[in-house]
Amino acid sequence: MKSARHAKILEIIRKHNVETQEELMERLQGEGYPVTQATVSRDIRELNLVKVAFGNGRQKYAGRDEDQEELSRKYVRVFRDGFRSMDMAQNILVIKTVPGMAMAVAAALDTMECHEIVGSIAGDDTIMCAIRTVEETAALMKRLRRIIEPPEDAGSVKRE
């Protein structure tokens with residue numbers, strides 16, 4: 001029942017500009033889902049719904065996935081712009097950045113779903129990431145290089 005309700009919520013917010021929990025509750029009830037405001041609130045949290053602007057200062061509910069592609073591009077751009085080099089010491093990944101960019105690059109890493117990273121610490125121009133294993137550190141470095149390096153046909157110089 002819960003998964004069907006969640007699917008219906010996502011369908012409703014894609015089709016309609018739902019501005020409040022009460023409006024979402026009413027639409028769900030109209031679709032045959034007997035829900036309370038507390039249930040709707042919990043569903044919003046579980047689905048990671050966010051409020052986004054849609055005109056005249058008004059906001060509506062949206063799934064994070066709707067804006068995820070645009071956010072991913074922004075975070076990749078921040079990562080590329082701030083990145084200088086990286087090296088590993090066993091299961092520690094050290095990333096050097098442009099001065100003043102370490103925190104922004106670390107925040108970008110946090111959103112790039114790097115499940116290998118257990119935690120990270122950012123200073124002014126250095127990020128230290130604790131990785132689960134040496135193998136995962138090497139694999140993450142390879143993945144990050146693919147993000148940093150432009151495609152071969154772009155004719156750009158590789159950084160590292």
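In this text, all values refer to a predicted model and were calculated from it rather than measured experimentally.
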Quick one: are [X] and [Y] in side-chain contact, heavy atoms under 4.5 Å?
X      : Y      : result
Arg84  : Met101 : no
Glu11  : Glu31  : no
Val18  : Lys60  : no
Ile95  : Leu109 : yes
Thr39  : Leu28  : no
Leu49  : Leu10  : yes
Val118 : Asn91  : no

Nearest 0.5 angstrom please: [X] [atom1] to [Y] [atom2], how far?
X      : Y      : atom1 : atom2 : result
Glu46  : Ser41  : CD    : OG    : 10.0 Å
Ile121 : Thr126 : CD1   : OG1   : 11.5 Å
Gln21  : Gln37  : CD    : CD    : 4.5 Å
Tyr61  : Asn17  : OH    : CG    : 13.5 Å
Phe83  : Glu149 : CZ    : CD    : 8.5 Å
His6   : Tyr33  : NE2   : OH    : 11.0 Å

Quick check: is [Y] connected to [X] through a chain of hydrophobic side chains (ILVMFWY, heavy atoms under 4.5 Å apart)?
X      : Y      : answer
Ile148 : Leu93  : yes
Val76  : Ile127 : yes
Val134 : Met86  : yes

message: With a 3.5 Å distance limit and no angle check, can you tell me whether Asp125 reaches the backbone of Val98 through a side-chain donor-acceptor pair?
response: no
- prompt: Taking Arg80 for the side chain and Ile147 for the main chain, is one N or O donor matched with an acceptor at less than 3.5 Å?
  reply: yes
For the student: nearest non-hydrogen atoms of [X] and [Y], plus distance:
X      : Y      : answer
Val40  : Leu24  : CG1-CD2, 3.8 Å
Leu140 : Glu116 : CD1-OE1, 3.7 Å
Asp110 : Ser120 : OD1-OG, 4.0 Å
Ile12  : Arg27  : CG2-CD, 3.6 Å
Gln59  : Lys51  : OE1-CB, 3.7 Å
Thr137 : Gln90  : OG1-O, 3.7 Å

- prompt: Is it the case that more than 12 heavy atoms not belonging to Met88 sit under 6.0 Å from its CE atom?
  reply: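 Atom CE in Met88 is packed in, count exceeds 12.
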field: For Glu26, all residues meeting side-chain contact (heavy atoms from CB on, under 4.5 Å), sequence neighbours excluded
entry: none
